[in-house]
Enquirer: 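What follows is a single structure, and I will ask about it in a moment.
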Protein chains: 2
Amino acid sequence: MDFSFSDRPNDERIKATLATAASSSDSELTTLFLNVQWTYREMQKAYDRVLDQHHLSESKFILLMFLERADRHRLQPSELAEKLGATRATVSKLLTGMERSGFIQKGHDSVDKRVVLIELTASGQAVLTNFLPSNFQAVDTIFAHFSKPDQQALTGLLEKIKQGTQQLNQENEGN
Amino acid sequence: MDFSFSDRPNDERIKATLATAASSSDSELTTLFLNVQWTYREMQKAYDRVLDQHHLSESKFILLMFLERADRHRLQPSELAEKLGATRATVSKLLTGMERSGFIQKGHDSVDKRVVLIELTASGQAVLTNFLPSNFQAVDTIFAHFSKPDQQALTGLLEKIKQGTQQLNQENEGN
DNA sequence: TCAATGTAATTAGCCGGCTAATTACATTGA
DNA sequence: TCAATGTAATTAGCCGGCTAATTACATTGA
């Protein structure tokens, strides 16, 4: 596998976008914005590779975590969807794949016939247990160069981005 | 549209993950990691909404930018793919959609019969010109709460994440 | 009590990403 | 010169996200 960096696409975007920037402030903020996107996407790709080595995707991993902590290792698809923050349709697809992989089993609720009960299998348990150390290791590596103050600084800056995002949503309310 | 915040899914992930953390350092870094993901994804969703109001996706917008700057407003699909940093297959799909929308036209190269030439249409031009101010406005809003030092600080922290990402890739080389 | 309404899950069909396979043409070198 | 190899683009088929429609069952209230 070739992970030698090609930052070229990012540079191309910056070049193209800066040519249309009206002010130097626009230029700086746009560069920063593209930098945030690029950094996140490279980070996520690297993290996804770790997950893939364990035959997992991020969402599937999170679903296994929820099941692991649930009473009797069982939850309804709708409960999983709400915890995950995805639609029921998406979760339905993910669960189909996880059943095929043998990570979960589907069962029926005795009371409400509409309900499906998703149960963690031993094999799903094992995959999760195996992945967890790699997960923390990956996060450690990503933030290897961070000092304590760096962590706090980033937390503060993320908070400001969240506020800006909320404003952007308000500006565009009513479609 | 309802943009009232449900941070619940993020909280659920943090709760579930922290329960399995070995050290307090793991806890802190994992929380920070989830926070980075959450913040980016909310920001991107808001930005995508702005694009969608102009019948664009981010990749389509970038492709229009490349064409706008190109000699005679023309590029080959393979050139666009390399600049964009996506596969030719992906770009092929995007271009099909953009042709349907009337943003581009496909033509033939007189010399090399394998080559397709993508040309920006007047309508594509117009959509781009119209979107650009909204684009800068969106970026401004996202970073509305950032001071100059904040910008510099974030740039530095992103650099550290990039370094960590590269290390993570090295650790997982040869899968 | 049963028609109207609500709810759980899935399916169909779209988007934008990917890899692998295919098609068509161009280039190269013995 | 033409077989082997390279290259441009597309297509097939997968993934994980979405909305809208559908199916099947549960609840409610006149």
Side-chain angles (χ1 to χ4, degrees), chain A residues 1-2 9 37-38 40-42 44-49 51-52 55-64 74-101 103-104 106-118 175, chain B residues 1-2 9 37-38 40-42 44-49 51-52 55-64 74-101 103-104 106-118 175:
Chain A
M1 236 161 287
D2 181 22
Q37 290 184 309
W38 179 261
Y40 167 81
R41 287 167 188 173
E42 289 299 317
Q44 188 67 38
K45 271 186 237 166
Y47 181 57
D48 285 341
R49 261 177 230 123
L51 283 152
D52 194 55
H55 314 291
L56 286 171
S57 69
E58 184 182 305
S59 292
K60 286 176 179 173
F61 159 52
I62 302 291
L63 290 178
L64 288 183
R74 277 183 179 178
L75 286 170
Q76 301 179 15
S78 49
E79 292 170 324
L80 288 167
E82 195 183 352
K83 280 171 182 284
L84 186 62
T87 61
R88 293 183 183 188
T90 294
V91 168
S92 196
K93 270 202 207 176
L94 291 170
L95 292 173
T96 301
M98 291 170 79
E99 189 182 27
R100 217 186 311 119
S101 305
F103 299 163
I104 57 150
K106 293 187 178 183
H108 294 293
D109 187 301
S110 45
V111 199
D112 188 332
K113 289 188 189 168
R114 292 169 306 177
V115 166
V116 170
L117 284 174
I118 305 299
N175 78 83
Chain B
M1 235 162 289
D2 181 22
Q37 289 184 310
W38 179 261
Y40 167 81
R41 288 167 187 172
E42 289 300 316
Q44 188 67 39
K45 269 187 238 165
Y47 182 56
D48 285 341
R49 258 176 232 124
L51 282 153
D52 193 56
H55 313 291
L56 286 171
S57 69
E58 184 182 305
S59 292
K60 286 176 180 173
F61 159 51
I62 302 292
L63 290 178
L64 289 182
R74 278 182 177 181
L75 285 171
Q76 300 179 15
S78 49
E79 292 170 323
L80 288 167
E82 195 182 353
K83 280 172 184 283
L84 185 63
T87 62
R88 292 181 184 190
T90 295
V91 168
S92 196
K93 269 202 208 176
L94 291 170
L95 292 173
T96 300
M98 291 169 79
E99 189 182 26
R100 216 187 311 119
S101 306
F103 299 164
I104 58 150
K106 292 187 180 185
H108 295 292
D109 186 300
S110 45
V111 199
D112 188 333
K113 290 187 186 167
R114 293 169 306 177
V115 165
V116 170
L117 284 174
I118 305 300
N175 65 92

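Reminder, nothing fancy here: chain letters follow the sequence lines and each chain counts from 1. Any value given below was found using the heavy atoms of this structure, including those in side chains, with hydrogens, waters and symmetry copies removed.
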Enquirer: Taking side-chain contact (heavy atoms from CB on, under 4.5 Å) as the test, write out the residues that go with A46(A), two or more places apart.
Expert: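 For A46(A) the side-chain contact (heavy atoms from CB on, under 4.5 Å) partners, ignoring immediate neighbours, are R49(A), T165(B), L168(B), N169(B).
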Enquirer: Output the pairing pattern of DNA chain C as a dot-bracket string, 5' first, Watson-Crick or G-U wobble with both distances under 3.5 Å, | for cross-strand pairs, [ ] for crossing pairs.
Expert: ||||||||||||||||||||||||||||||
Enquirer: Please evaluate residues K106(A) and T96(A) with respect to the criterion side-chain contact (heavy atoms from CB on, under 4.5 Å), reporting the C-alpha separation (whole Å), side-chain torsions for both, the decisive distance (0.1 Å), and the verdict.
Expert: CA-CA 9 Å; K106(A) 293 187 178 183; T96(A) 301; 4.2 Å; yes
Enquirer: Testing Q44(A), Q37(A), E42(A) for side-chain hydrogen bond (donor to acceptor under 3.5 Å, both in side chains) with Y40(A), which one passes?
Expert: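 With Y40(A) as partner, Q44(A), Q37(A), E42(A) yield a single side-chain hydrogen bond (donor to acceptor under 3.5 Å, both in side chains), made by Q44(A).
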Enquirer: Of R100(B) and G85(B), whose closest DNA chain C nucleotide lies nearer the 5' terminus?
Expert: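 First, find each residue's nearest nucleotide; the 5'-ward one identifies R100(B).
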Enquirer: Rounded to the nearest angstrom, tell me the gap between atom CZ in R49(B) and atom C1' in dC15(C).
Expert: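 Nearest whole value for this atom pair: 16 Å.
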Enquirer: Test side-chain contact (heavy atoms from CB on, under 4.5 Å) on L94(A) and L84(A) and set out the steps.
Expert: CA-CA 11 Å; L94(A) 291 170; L84(A) 186 62; 4.1 Å; yes
Enquirer: Roughly how many Å is it from CD in Q44(A) to P in dC18(C), rounded to a whole number?
Expert: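 To the nearest whole Å, that distance equals 14 Å.
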Enquirer: Nearest whole angstrom, please: distance from the C1' of dA24(C) to the CG of D109(B).
Expert: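 Checked: the CG to C1' distance equals 15 Å.
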Enquirer: Take a 6.0 Å sphere around NZ of K113(A) and say whether it holds more than 12 heavy atoms from other residues, nucleotides or ligands.
Expert: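 Count not over threshold, so no.
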Enquirer: Can you sort out the partners of R114(A) under side-chain contact (heavy atoms from CB on, under 4.5 Å), two or more places apart, ordered by chain and number?
Expert: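 Partners of R114(A) by the side-chain contact (heavy atoms from CB on, under 4.5 Å) criterion, ordered by chain and then number, come out as D112(A).
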Enquirer: Are L64(A) and L56(A) close enough that some pair of their side-chain heavy atoms sits under 4.5 Å apart?
Expert: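 Contact flag for L64(A)/L56(A) side chains = yes.
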Enquirer: Could you write nucleotides 1-11 of chain D as a row of B, S and -, 5' to 3', where a protein heavy atom under 4.0 Å of any base atom gives B, of only sugar-phosphate atoms gives S, and otherwise -?
Expert: -----BBBSBB
Enquirer: Given I118(A), which of V91(A), L80(A), L63(A) fulfils the side chain to side chain contact (heavy atoms under 4.5 Å, CB included) condition?
Expert: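 Option passing the side chain to side chain contact (heavy atoms under 4.5 Å, CB included) with I118(A): L80(A).
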Enquirer: Do M98(B) and L95(B) touch side chain to side chain, with heavy atoms closer than 4.5 Å?
Expert: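 Yes, at least one pair of side-chain atoms sits under 4.5 Å.
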Enquirer: Specify the separation, in whole Å, of atom CG of L94(B) and atom C1' of dC18(C).
Expert: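 Rounded to the whole Å, the gap is 12 Å.
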Enquirer: What parts of residues 55-64 of chain A reach DNA chain D, counting only heavy atoms under 4.0 Å away?
Expert: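 Contacts with DNA chain D under 4.0 Å: S57(A), S59(A), K60(A).
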Enquirer: What pairs with Q76(B) under side-chain contact (heavy atoms from CB on, under 4.5 Å), at least two apart in sequence or on another chain?
Expert: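 Partners of Q76(B) by the side-chain contact (heavy atoms from CB on, under 4.5 Å) criterion, ordered by chain and then number, come out as S78(B), E79(B), V115(B), L117(B).
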Enquirer: Between R41(B) (CZ) and dG16(C) (P), how many Å, whole number?
Expert: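 It works out to 19 Å between those atoms.
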Enquirer: Could you tell me whether the side chain of L75(A) reaches within less than 4.5 Å of the side chain of K83(A), counting heavy atoms only?
Expert: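 A side-chain contact under 4.5 Å exists here.
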